[in-house]
Amino acid sequence: MNKQKKLLLIDGNSVAFRAFFALHQSLERFVNHNGLHTTAIYGFKNMLDKIIEEVKPSHILVAFDAGKRTFRTNEFEEYKGGRSKTPSELSEQFPYIKELLSAYGISNYELLNYEADDIIGTLANDAQIKGFDVTIVTGDRDLTQLTTNQITVAVTKKGVTEIEKYTPAHVEEKYGIKPEQIVDMKGLVGDASDNYPGVTKVGEKTAIKLLQQFGSIENIYENLDEIKPSKMKDHLIEDQEMAFLCKKLAKILCDAPIEIGIDDVKWNGIIEDDLRKFYAEMDFKSFLAKMQSSKLNQLDEKDKNKVTYQVINADEQSFKLNLNKPLSFYLEMSGDNYHQAQFVGFSLKNDDKIFVSRNVEFLKSLDLKRALEDENVKIDLFDGKRTYVGLRRLGIELKGIDFDMLLVSYLLDSSENNNDFGKLAQQHDYFNVSSDEEVYGKGAKYQIPEDDSIFFNHLARKVFAIEQLKMQLMKKLKENEQEKLYFEIERPLSLVLGKMEATGIKLDSQKLEEMGSQLKERLAELEQEIHVEAGEDFNINSPKQLGVILFEKLKLPVIKKTKTGYSTAVGVLEELRGMAPIIDNILKYRQISKIQSTYVEGLLKVVFKTDGKVHTRYTQTLTATGRLSSVDPNLQNIPVRLEEGRQIRKAFVPEKLNWKIFSSDYSQIELRVLAHISHDKNMQAAFKAGADIHANTAMQIFGLDAAEKVTGNMRRQAKAVNFGIVYGISDYGLAQNIGITRKQAKEFIQRYFEVFPGVKQYMDDIVAKAREDGFVETLFNRRRYLPEIKSKNFNLRSFAERTAMNTPIQGSAADIIKVAMINMQEMLKNKNLEAKMLLQVHDELIFEAPNKEIPLLEKLVPKIMDQAVSLEVPLKVESAYGKTWFDAK
DNA sequence: AGGGTCACG
DNA sequence: ACGTACGTGACCCTA
């Protein structure tokens, strides 16, 4: 085999730094069994794989810096001065990066008094002469000075696996100068991170202009006469010496006294046994698993990376499904909002053939409609809800979903909630499909490719990936004992949600517009008063401008600061109340303006012209706890607490005349769940007796012997304690919430745990269990991983501990209402009711129904909700109805 | 794009 | 001593 001469040179320090900071938020999640951080090692490995795959080098060297002092510090003492110390979490990783390299069979080299750059420059130059193509990988743009026709510099961008390749042409295009002029540019401009100054007041723009005119620093100074007298010229003259020195510092050596040559860096491939041991030591389990499986599949590896497909043709009837074989299906729409997004294509895999098309009309005519609508034909897909709603718009009712890759992934790890197909596949170590962002772009650049081969390939790879990943993910689901959660809750729920979303809820737009014009007037009045009180006009919506007015101009006391300035949040303004009339007006302005912009104008913007309804989308695969979220519009945060905001609910109306809005909500579901999972006898007794739970808590923690002795204030405080318990209480948080001292809060909590010892036990146990297992679970085995519970960082660890206490509570409540929703939909269908389930707001279900069905709902809905599960305490459901959502209270 | 603020459970 | 309540999404402003 005659390999081409290709040299890969890697700037080890620079890539390690980039990798480390790219994964910095995940620092605590990448820790091996010895407590070693592994972020930089992990990132380095990913970069290596990617670049080796791309370059296919015959020779590789990784160069490192040898120490702090180099010949450059001898020239200029401040060189690279003022840099903060390398974090210990990174420096501890360097020896292991070298171990990784050795397992990869890759040489590394460092040279006292020289930087990695100089080793790279010297070897690159030598290799070039010997006819090699050279690729240099670094995070440092300065190295682009080395680019030639034979030398390409790959600079890592955001993260380390994404790179930008610099050729001489690309350098010129990007900087407007030739590669060899980069050192002149650095000489003139200086480099803040390497800490050398260049010429005073000369920035990139000036430098480029000068270099385009004169070519080099030397030439500038030889032809100074040609520059007209100016400040800039004075600076040039004054800093001449510095300019030459800086150029020298920037210049990468091509003749460093290295003791290795090109023949020493020949690459003979990975040393598998060493690498396996290394991965085991690092706890890189997925890499290990991948190595094993790739070994098994080495023979058909080539075929695996290639996906072939057939474009469905209008008059071709060769298209036949074999329904005894699995069927994977993917429907592509342009954009997130599948209620109105344009259909752009589909793909399907069946019986080892992949079919693709841009024309979704085919779905209606071919065998496919029948297959999709047949309960007994099991379909594998990605995002069943999206597909269901999309197909429904085409008049097809999707029935038999088997494997929903998005949903299963989410259940396996609710914190890795990536809704992008390609990225999600990657998380499962499947790299044979690109992310949508890569293929379609994002933001303004989002576009479905016109090129058939790009687009069809992407679609084909998706259905292929679904099939490839199905076994692996379903197996994990089983190992986690989450099959019931998937088959009986989440998968059926996705269709229930799809129906609710597609049904939508009617909005009385006229009502909203009336409210809007009233609010507008009110806002104008308030704005004027505020401006008079401030003595000048300013933007009240700008926290920055408001801060200046309140705390500088009016000299009100600063209560709290934010990262960027003064805090003007409600809590702060409330403390300032009474000190100036402007405060009340600002609070009112904020309140009204929120209603106006978010709820009046915001909702009007998303009403569908076709049916006068809003169609939210529930995100089923997002929250870490298992709750749903609602977007576009968010119908889970429609105002209710304050009367002014609550009026918005008057605009939510039934679709038909003589129908009503009907609403049922669980009363204190989270505390009941806590009473159940903690088995606390005292708390359970209160629920079984049907007591007012907050008053009961007050009685207990204040040591009262009768419910009548509980004052309003005691109940309020006890309620806050109950909330605090659910959230994973801290004395500080409680104190802040109800305005008592930390000491008092601490006593409350202590007292609470004395009277509810079961709860205390639960809190201790769950944190210990989380530490042991690395995750916590809900009633139905929904899982949340909490790696940070072992963190040495107090904040991260405390947060994980509170989460460990809260997630089983919040998550189990989410499980319960999901079960209720599925049973509810079933009941509506079985009883042939016209009533429709419209919304879910965490512990509340909202319906619309003909007047005559209301009595039935009043009986059935609470029954289905409180019988969704059987706990050690009863569940309680309260219902209401009226002609609008506002009236259903 | 990210922070501040505020709407909900 | 550390510095916090748990879970979300939308709007506005300002880099």
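What you are looking at is a predicted structure, and each value in this text was computed from that prediction instead of being measured. Quick note on labels: first sequence line is chain A, next is B, and so on, each numbered from 1.
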When you measure from the side-chain N and O atoms of A/S567 to the phosphate of B/dT5, is any distance below 4.0 Å, counting only OP1 and OP2? yes
Evaluate whether atom CD of A/E552 has more than 12 neighbouring non-hydrogen atoms of other residues, nucleotides or ligands under 6.0 angstrom away. yes
Which part of the nucleic acid, if any, lies within reach of A/A720 when heavy atoms closer than 4.0 Å are counted: base, sugar-phosphate only, or nothing? base
Any side-chain N or O of A/T562 under 4.0 Å from OP1/OP2 of B/dG4? yes
Just to confirm, is there a sub-4.0 Å distance from OP1 or OP2 of C/dG9 to any side-chain nitrogen or oxygen of A/S629? yes
Is it the case that C/dC6 (base atoms only) and A/Q810 (side chain only) share a donor and an acceptor within less than 3.5 Å, ignoring hydrogens and angles? yes
From the list C/dG7, C/dT14, C/dA10, which nucleotide is the closest neighbour of the side chain of A/H842? C/dG7
Separation of A/L628 CG from A/L493 CG (nearest 0.5 Å): 6.0 Å
Is a salt bridge present between A/E514 and A/K511, judged by a nitrogen-to-oxygen distance below 4.0 Å? no
Residue-phosphate contact under 4.0 Å: A/S630 side-chain N/O, C/dT8 OP1/OP2: no
Using the C1' atom as the point on both nucleotides, what is the distance between C/dG3 and B/dC8, in whole Å? 26 Å
What is the distance, rounded to the nearest whole Å, between atom CG of A/L519 and atom C1' of B/dA7? 15 Å
Using whole Å, report how far CG of A/D731 lies from C1' of C/dA1. 14 Å
May I ask you to verify if any side-chain N or O of A/S542 is less than 4.0 angstrom from the OP1 or OP2 atom of C/dT14? yes
Please report the distance, rounded to the nearest Å, between CD1 in A/I669 and P in C/dG7. 18 Å
Whole-Å P distance, B/dG4 and C/dT4: 12 Å
To the nearest angstrom, the CD1-C1' distance between A/I595 and C/dC12 comes to 16 Å
Are the charged groups of A/K889 and A/E643 less than 4.0 angstrom apart, N to O? no
Has A/R641 got a side-chain N or O lying under 4.0 Å from the OP1 or OP2 atom of B/dC8? yes
Value in whole Å for how far the P atom of C/dC12 lies from CD of A/Q596: 10 Å
Please evaluate the base of B/dG4 for a donor-acceptor partner in the side chain of A/R590 within a cut-off of under 3.5 Å? no
Considering only side-chain heavy atoms of A/L734, which listed nucleotide, C/dC11, C/dA5, C/dA10, is closest? C/dA5
Say whether, by atom type as modelled, one donor and one acceptor occur between the side chain of A/T807 and the main chain of A/T778 under 3.5 angstrom. no
Are A/N539 and C/dC13 close enough that a side-chain N or O sits under 4.0 Å from OP1 or OP2? yes
Side-chain N,O (A/T564) to OP1/OP2 (B/dG4) below 4.0 Å: yes
Do A/K650 and A/F886 form a cation-pi contact, if we require the NZ or CZ to be under 6.0 Å from the six-membered ring centre and within 45 degrees of the ring's axis? yes
Write down the distance between CD1 (A/I638) and P (B/dA7), rounded to a whole number of angstrom. 12 Å
Check the phosphate of C/dT8 against A/R627, side-chain N and O only, distance under 4.0 Å to OP1 or OP2. Yes or no? no
Would you indicate what A/Q736 reaches in the nucleic acid, counting non-hydrogen atoms under 4.0 angstrom: base, sugar-phosphate, or nothing? nothing
Under 4.0 angstrom, heavy atoms only, what part of the nucleic acid is A/N637 near: base, sugar-phosphate, or nothing? base
How far, in whole Å, is B/dG3 from C/dA5 if one measures between their P atoms? 16 Å
Whole angstrom is fine here: how far is it from CD in A/Q591 over to P in C/dC11? 18 Å
In this structure, how many angstroms lie between the P atom of C/dG7 and the CG atom of A/L674, rounded? 17 Å
Where do A/V653 and A/I505 come nearest, in terms of heavy atoms and distance? O-CG1, 4.2 Å
C/dC12 phosphate, OP1 or OP2, under 4.0 Å from A/K594 side-chain N/O: no
Watson-Crick/G-U partner (both atom distances under 3.5 Å) of C/dA1: none
